[in-house]
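Report on one structure; see the data block that follows.
In what follows, every chain begins at residue 1, and chains take the letters A, B, ... in the order their sequences are listed.
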Amino acid sequence: MRRDVLPVSEQLRILTSGIADLVPEADLAKKLERNRPLRVKLGVDPTAPDLHLGHAVPLRKLRQFQDLGHTVVLIIGDFTALIGDPSGRNTTRPPLSREAIDANAQTYVDQAFRILDPERTELRRNSDWLEPLGFADILRLTSRFTVARTLERDDFQKRYREGIGISLHEFLYPVAQAYDSVAIEADVELGGTDQLFNLLAGRELMEKSGMEPQVALTLPLLEGTDGVQKMSKSYGNYIGLADEPFDMFGKVMSIPDSLMVKYYRLCTDMPVDEVDALESGLASGDVHPNAAKRDLARRIVTLYHGARAAAAAEDRFNAVFVKHEVPDDVPEVPVRLEDDVYLPGLLVALGLAPSSGEGRRLIDGGGVKVAGVTVEPHAYNVARARVEGQIVQVGKRRHARPVAPD
RNA sequence: GGGGGUGUGCCCGAGUGGCUAAAGGGGACGGGCUGUAAACCCGUUGGCUAUGCCUACGAUGGUUCGAAUCCAUCCGCCCCCA
């Protein structure tokens, strides 16, 4: 889908929709007017092998650039990973091993190409130009930045104020990232809003190196399913690009209503005008939040798994969460049962409880059903015939069927 | 180099010799309610077929009938001065 001669005004409309900052505002237009493909940079840390919708936000923006004929330079921060980006962190990151970095990088790229167009993507590793630098080069580079400027960063200030340590090498992260921009001659660099400082460092260094500085384009951070923290694997609030359709659908359904519009803007293809209309519809009560959220979930699942999978996921969602039906694909687990079955132990064997103590608590809390009947508190022992081959359910949505081993 | 502080359960954080498996909060899980895996309300929250036993308060070793609480050494983290 190549539309390389769209007028600049139209390109701008697409490229700036949903973004947080564009610095400086006017320069993107200037660059576009030269009518040559822009080099659009995104640097990624090979630290998160499982990409989620939050990672997808800048990737989707990159894809828009590609669809308009521009070139994406995707930089695997295999060298900077040795530093660990201090952005948004309140502690020093532990450095990764070389092996872990390589493996993560490969996984990242595989997943990123579900969104990016490989034909218009230049894949680079920043160890190519960072590793050969000698101490003299480092001195030259760091001399272009001042301590005061570096300490201006929110996260450094915050950490400093709160007495959380900042290691000296963390100061070098923005320097290294800025040098990436020089090395690949970036026209535009994307990042989350927490990256603004790093992106601006790139502008400074390019300018001082006698180049035309890049434009910094930031995208809002996407909150996770808890609606509070930014989406991140470590907060356990993420929707993975590789999540199964049903999980993905359910996770989208679990976001707070207040976040729906943002998800529409940042995670779907819905045109800007339509999102605006939806937003006012929700505000006025003309659009039912449940209908809107279902549509959102359907759109997102369709994006990553196709329409058919999305429809199936929705059906299953209805069955399990709306009608509380037992799904038809309850996993069968072979277990050897005594004649007198100790239920808490069985729950553990079925993977429905982490310990038999937890199993007892679940039973006492009325959360366990055997063949559709709630187990009475303290009724821990049941006859084998009552459970073998029957559906054992914990909570509303976890099921397993114990079967005799062959 | 000198001085000071700190290390508790998934996380934060009370607790200064027995009443502590350890307050409180968060999270998580279960129940209710709901358009919803949202909000709200209620309950549970170390392991073990268990009126008890085991493991646990940075590590190791002591003091004591008894230690998260006292002592010693060590390790980690932080602050101030230089």
Taking the minimum atom-to-atom distance to the side chain of [X], which one of [options] wins?
X      : options                : result
A/N290 : B/rU36, B/rG31, B/rG30 : B/rU36
A/R397 : B/rG30, B/rG35, B/rU49 : B/rG30
A/L362 : B/rU49, B/rG35, B/rG30 : B/rG30
A/S254 : B/rU36, B/rA37, B/rG30 : B/rA37
A/D257 : B/rG47, B/rG32, B/rU36 : B/rU36
A/E358 : B/rA37, B/rC29, B/rU44 : B/rC29
A/R398 : B/rG35, B/rG30, B/rU49 : B/rG30

For [X], which contact category applies under a 4.0 Å heavy-atom criterion: base, sugar-phosphate, or nothing?
X      : result
A/G357 : sugar-phosphate
A/Y342 : base
A/S258 : nothing
A/D226 : nothing

Do the charged groups of A/R265 and A/E279 touch, with an N to O distance under 4.0 Å? yes
[X] [atom1] to [N] [atom2], straight-line distance once rounded to whole Å:
X      : N      : atom1 : atom2 : answer
A/H288 : B/rU34 : NE2   : C1'   : 10 Å
A/N237 : B/rC11 : CG    : C1'   : 15 Å
A/Y380 : B/rC48 : OH    : P     : 12 Å
A/E244 : B/rA37 : CD    : P     : 21 Å
A/F317 : B/rU36 : CZ    : P     : 8 Å
A/K323 : B/rU34 : NZ    : P     : 18 Å
A/K251 : B/rA38 : NZ    : P     : 14 Å

Taking pairing as Watson-Crick or G-U wobble with both contacts under 3.5 Å, can you name the mate of [N], or confirm there isn't one?
N      : value
B/rU51 : none
B/rU60 : B/rA72
B/rG9  : none
B/rG18 : B/rC65

Short side-chain donor-acceptor distance under 3.5 Å, [Y] and [X]:
X      : Y      : result
A/D117 : A/Q66  : no
A/Q214 : A/E185 : no
A/N126 : A/T80  : yes

Above 12 or not: heavy atoms from other molecules or residues under 6.0 Å from NZ of A/K262? yes
Can the positive tip of A/K230 be found less than 6.0 Å from the middle of the six-membered ring of A/Y238, inside 45° of the ring normal? no
For A/P256 and for A/N381, find the nucleotide of RNA chain B with the closest heavy atom, then tell me which residue's nucleotide is more 5'. A/P256
Taking the same atom, P, in B/rG46 and in B/rG1, what whole-Å distance lies between them? 44 Å
Short side-chain N/O contact from A/K396 to OP1 or OP2 of B/rG31, under 4.0 Å: yes
